[in-house]
Asker: 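Input: one structure, supplied below.
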Amino acid sequence: MHSQSEDVRAGVLNALYWDLRVPRDHLSVDVENGWVTVSGTVDLPYQRTCAEFDARSVPGVVGVTNLIRLTEAQRAGRRADQVAESRH
């Protein structure tokens, strides 16, 4: 017998699967009492937002904790941009 958490997790994974903006193979989903935790890494900041939006759109989700991080290369590039901006 499936629990409600398993059904919600399946729904979130399905939503991520169909969102081509999100690199779903780099993400993991955990659910406890309707609260979803999405973790992993993505290349671009908007991908974090899209994954969270996808999770929130699933029936039965009461909240989302977004632990998705940017890949190391993306974070290094953002730091370089911030340093360049601070010099102007």
Side-chain angles (χ1 to χ4, degrees):
M1 183 171 146
H2 287 303
S3 72
Q4 182 181 3
S5 290
E6 289 172 340
D7 292 341
V8 170
R9 183 174 185 275
V12 171
L13 290 171
N14 188 52
L16 293 172
Y17 177 82
W18 289 105
D19 188 343
L20 300 179
R21 301 169 296 184
V22 178
R24 58 197 171 271
D25 54 331
H26 296 284
L27 300 179
S28 63
V29 175
D30 294 307
V31 179
E32 187 173 332
N33 297 323
W35 196 272
V36 176
T37 301
V38 185
S39 58
T41 57
V42 295
D43 295 322
L44 301 169
Y46 84 91
Q47 293 170 322
R48 293 180 77 240
T49 305
C50 291
E52 183 175 339
F53 179 81
D54 292 342
R56 287 186 187 280
S57 69
V58 173
V61 171
V62 297
V64 176
T65 301
N66 187 341
L67 299 179
I68 300 171
R69 298 178 327 270
L70 294 176
T71 58
E72 190 60 40
Q74 179 66 23
R75 284 186 287 178
R78 290 186 75 195
R79 276 189 235 117
D81 290 344
Q82 290 169 348
V83 169
E85 287 176 10
S86 68
R87 293 182 180 165
H88 288 87

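Everything numeric here is computed off the predicted structure, so don't read it as measured data.
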Asker: Is there a continuous path of hydrophobic side-chain contacts, each under 4.5 Å between heavy atoms, that joins Leu70 to Val64?
Answerer: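 Leu70 and Val64: one cluster.
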Asker: Rounded at 0.5 Å granularity, tell me how far CD in Gln47 sits from CG in Asp19.
Answerer: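 Rounded to the nearest 0.5 Å, the CD-CG separation comes to 9.5 Å.
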Asker: Which pair of heavy atoms, one from Ala15 and one from Val58, lies closest together, and at what distance?
Answerer: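 Taking every non-hydrogen atom into account, CB-CG2, 4.1 Å.
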Asker: Would you give me the side-chain donor-acceptor pairs under 3.5 Å for residues 23-32, sequence neighbours excluded?
Answerer:
unit_1	atom_1	unit_2	atom_2	d
Arg24	NH1	Tyr17	O	3.2
Ser28	OG	Ser39	OG	2.8

Asker: Quick one: does Gln4's side chain have a donor or acceptor within less than 3.5 Å of a partner on Asn33's backbone?
Answerer: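 Such a contact is absent between Gln4 side chain and Asn33 backbone.
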Asker: Would you please name every residue forming a side-chain hydrogen bond (donor to acceptor under 3.5 Å, both in side chains) with Ser5, sequence neighbours left out?
Answerer: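 side-chain hydrogen bond (donor to acceptor under 3.5 Å, both in side chains) list for Ser5, sorted by chain: empty.
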Asker: Rounded to the nearest 0.5 Å, how far does CD1 of Ile68 lie from OG1 of Thr37?
Answerer: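 Result: 10.5 Å between the selected atoms.
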Asker: Determine, stepwise, if the pair Asp54 / Arg21 fulfils side chain to side chain contact (heavy atoms under 4.5 Å, CB included).
Answerer: CA-CA 11 Å; Asp54 292 342; Arg21 301 169 296 184; 4.3 Å; yes
Asker: Check for me, please, whether Leu13 and Val36 land in the same ILVMFWY cluster - side-chain distances under 4.5 Å, paths through other members count.
Answerer: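 They do share one cluster, since a chain of ILVMFWY contacts under 4.5 Å joins Leu13 to Val36.
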Asker: Could you tell me the separation between the CZ atom of Arg48 and the CG atom of Asp43, rounded to the nearest 0.5 Å?
Answerer: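 Answer for the CZ-CG pair, Arg48 versus Asp43, is 13.0 Å.
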